[in-house]
K.L.:
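Before anything else, here's the structure in question.
Proteins come first, then strands; the chains are lettered A, B, ... in the order of their sequence lines, and each starts at number 1.
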2 protein chains.
Amino acid sequence: MQAANNRTLKNTLREHELKATTQRVALLKLLESTQEHFDAEEIYLQLRAGQKNVSRATVYRSLEALVEQCLVSKLDFGDGRMRYELSRGEDDHHDHLICEICGKVIEFFNLEIEAQQIAICQENGFTPSTHTMLIFGTCAECRKLG
Amino acid sequence: MQAANNRTLKNTLREHELKATTQRVALLKLLESTQEHFDAEEIYLQLRAGQKNVSRATVYRSLEALVEQCLVSKLDFGDGRMRYELSRGEDDHHDHLICEICGKVIEFFNLEIEAQQIAICQENGFTPSTHTMLIFGTCAECRKLG
DNA sequence: TTCTAAATGAGACTGAATTGCACTTGCAGT
DNA sequence: ACTGCAAGTGCAATTCAGTCTCATTTAGAA
Ligand SMILES: [Mn+2]
Ligand SMILES: [Mn+2]
Ligand SMILES: [Zn+2]
Ligand SMILES: [Zn+2]
């Protein structure tokens with residue numbers, strides 16, 4: 001969305017005890033600039049297309065570091081590849097509707113569901129840390145076409 | 001749980017347009033006999049330990065066929081291996097709490113969440129087919145020990 | 001500028017899952 | 001029961017996302 005400049009991105013990395021390498025800055029900038037849920041290969045190819053020299057290993061390692069610092073979220077849509085999206089803090093949580101036809105992803109947040117999840121955990125003496133909720137189906141556009 | 005005999009299992013397979021091979025019967029019987037959420041390799045090893053000759057490829061292909069017939073559910077707990085559990089029809093749906101320490105899986109079903117999910121889909125013009133909800137955290141026992 | 005721990009690049013490697021192909025078998029039809 | 005053959009199986013080769021090794025490079029502190 002809003003294009004953060006390189007200095008801002010470098011500071012963000014340093015605030016999270018990460019060396020501000022050109023590869024990491026480029027990766028963060030890419031994730032800041034999109035609403036997509038890219039996988040590692042897509043990120044790798046986008047960076048290369050943007051004249052950034054980077055290796056697959058570095059993409060994976062950088063993403064791992066960013067996820068560990070909660071700057072990025074790692075998502076499993078169940079198709080064998082992990083997806084990544086920029087995380088804008090604790091209050092940024094949302095879940096996903098995924099169109100099985102066109103792959104479109106719709107984000108949502110529902111406070112009642114979140115509350116029920118906590119209640120369920122309490123009933124089971126379970127201490128939750130994270131959760132994922134994926135609803136698969138057909139989006140409005142694909143429904144019309146089909 | 002209740003040990004279904006081979007004839008019953010064979011009939012189940014045939015009712016779903018699947019040839020009742022010895023491998024498939026053994027696989028179904030194994031899944032009927034457990035509450036676990038086995039992965040393909042565990043199923044393969046269990047069948048071998050039970051003197052059943054079966055190959056990994058057949059385990060994968062049989063599971064795929066059973067999932068397609070909705071006799072088995074395929075679960076992705078996010079650790080790189082798919083899990084499988086017997087499905088006892090449409091009304092058998094449940095979601096999972098997963099202990100990140102010991103791996104224990106607690107099953108639950110919450111009608112309010114299911115209703116909210118449907119509402120969310122309607123709001124987005126989305127036609128749902130399936131969903132998965134995984135809540136990761138620490139189970140009561142691991143909490144006490146930790 | 002110099003120094004060095006951390007990061008990167010290239011490619012080898014891993015492990016789950018899939019596939020090609022020759023062989024076997026369930027089972028429908030006789 | 002016997003036969004024919006499409007469907008299923010076994011094995012090995014293959015795919016593919018992701019991880020690891022190690023030689024080289026670099027960020028950033030001194
Ligand atoms: Mn998202
Ligand atoms: Mn279950
Ligand atoms: Zn769609
Ligand atoms: Zn536990």
K.L.:
Has A:Ser129 got a side-chain atom pairing as donor or acceptor with B:Phe136's backbone, closer than 3.5 angstrom?
P.N.:
yes
K.L.:
Between C1' on D:dT19 and CE on A:Met82, what's the gap in Å once rounded to a whole number?
P.N.:
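Going from A:Met82 (CE) to D:dT19 (C1'), I get 14 Å.
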K.L.:
Do B:Phe77 and B:Val105 pass the side-chain contact (heavy atoms from CB on, under 4.5 Å) test, and can you show the C-alpha distance, the side-chain angles, and the key distance before you say yes or no?
P.N.:
CA-CA 10 Å; B:Phe77 286 178; B:Val105 176; 3.6 Å; yes
K.L.:
Check DNA chain C against residues 52-77 of chain B and give the residues with a non-hydrogen atom under 4.0 Å, in numerical order.
P.N.:
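Hits under 4.0 Å, by residue number: B:Ala57, B:Tyr60, B:Arg61.
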K.L.:
Hey, what bend do you get for the helix from C:dT1-D:dA30 to C:dT30-D:dA1 if you fit axes on five pairs at each end, rounded to 10°?
P.N.:
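Taking the rotation axis at each end, their angle is 40°.
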K.L.:
Calculate the interatomic distance between A:Glu42 atom CD and D:dC16 atom P; express it in whole Å.
P.N.:
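One finds 15 Å between P of D:dC16 and CD of A:Glu42, rounded.
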K.L.:
Does B:Thr21 place a side-chain N or O at less than 4.0 Å from the phosphate oxygens OP1/OP2 of D:dT9?
P.N.:
yes
K.L.:
Whole angstroms only, please: what is the CG-P distance between B:Leu18 and C:dC27?
P.N.:
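Computing the B:Leu18:CG to C:dC27:P distance gives 10 Å.
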K.L.:
Could you go through the side-chain contact (heavy atoms from CB on, under 4.5 Å) check for B:Leu13 and B:Lys19 one step at a time?
P.N.:
CA-CA 7 Å; B:Leu13 287 164; B:Lys19 257 183 165 177; over 6 Å; no
K.L.:
Give the rounded distance in Å between these two atoms: NZ of A:Lys19 and C1' of C:dA7.
P.N.:
6 Å
K.L.:
Name the nucleic acid region contacted by A:Glu41, choosing base, sugar-phosphate or nothing; use a 4.0 angstrom heavy-atom cut-off, strictly under.
P.N.:
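Here A:Glu41 touches no strand at all.
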K.L.:
Treating A:Asn124 as the side-chain partner and A:Phe126 as the backbone partner, does any N or O pair qualify as donor plus acceptor under 3.5 Å?
P.N.:
no
K.L.:
Apply side chain to side chain donor-acceptor pair (under 3.5 Å) to B:Asp95 and B:His93, showing your working.
P.N.:
CA-CA 7 Å; B:Asp95 292 294; B:His93 170 70; 3.1 Å; yes
K.L.:
Is the shortest side-chain N to carboxylate O distance from B:Glu36 to B:Arg83 below 4.0 Å?
P.N.:
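No.
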K.L.:
Around atom CD of A:Glu68, are there more than 12 heavy atoms from other residues, nucleotides or ligands closer than 6.0 Å?
P.N.:
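Counting neighbours around CD of A:Glu68, 12 or fewer heavy atoms of other residues, nucleotides or ligands fall under 6.0 Å, so no.
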K.L.:
When you measure from the side chain of A:Arg24 to the backbone N and O of A:Leu18, does any donor-acceptor pair fall under 3.5 Å?
P.N.:
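Answer holds: no.
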K.L.:
Write down the distance between CZ (B:Arg24) and P (C:dT25), rounded to a whole number of angstrom.
P.N.:
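Atom CZ in B:Arg24 sits about 15 Å away from atom P in C:dT25.
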K.L.:
Take atom OH of A:Tyr44 and atom C1' of C:dT8, then tell me their distance rounded to the nearest Å.
P.N.:
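Distance, rounded to whole Å: 13 Å.
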K.L.:
Are any of the side-chain nitrogens in B:Glu85 or B:Lys74 under 4.0 Å away from the carboxylate oxygens of its partner?
P.N.:
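No, no charged N to carboxylate O under 4.0 Å.
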K.L.:
Rounded to whole angstrom units, what separation is found between the CD atom of B:Gln23 and the P atom of D:dT9?
P.N.:
5 Å
K.L.:
Return the 5'-most residue of the pair B:Arg14, B:Arg83 with respect to DNA chain C, ranking by each residue's nearest nucleotide.
P.N.:
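Whichever sits nearer the 5' end wins; that is B:Arg83.
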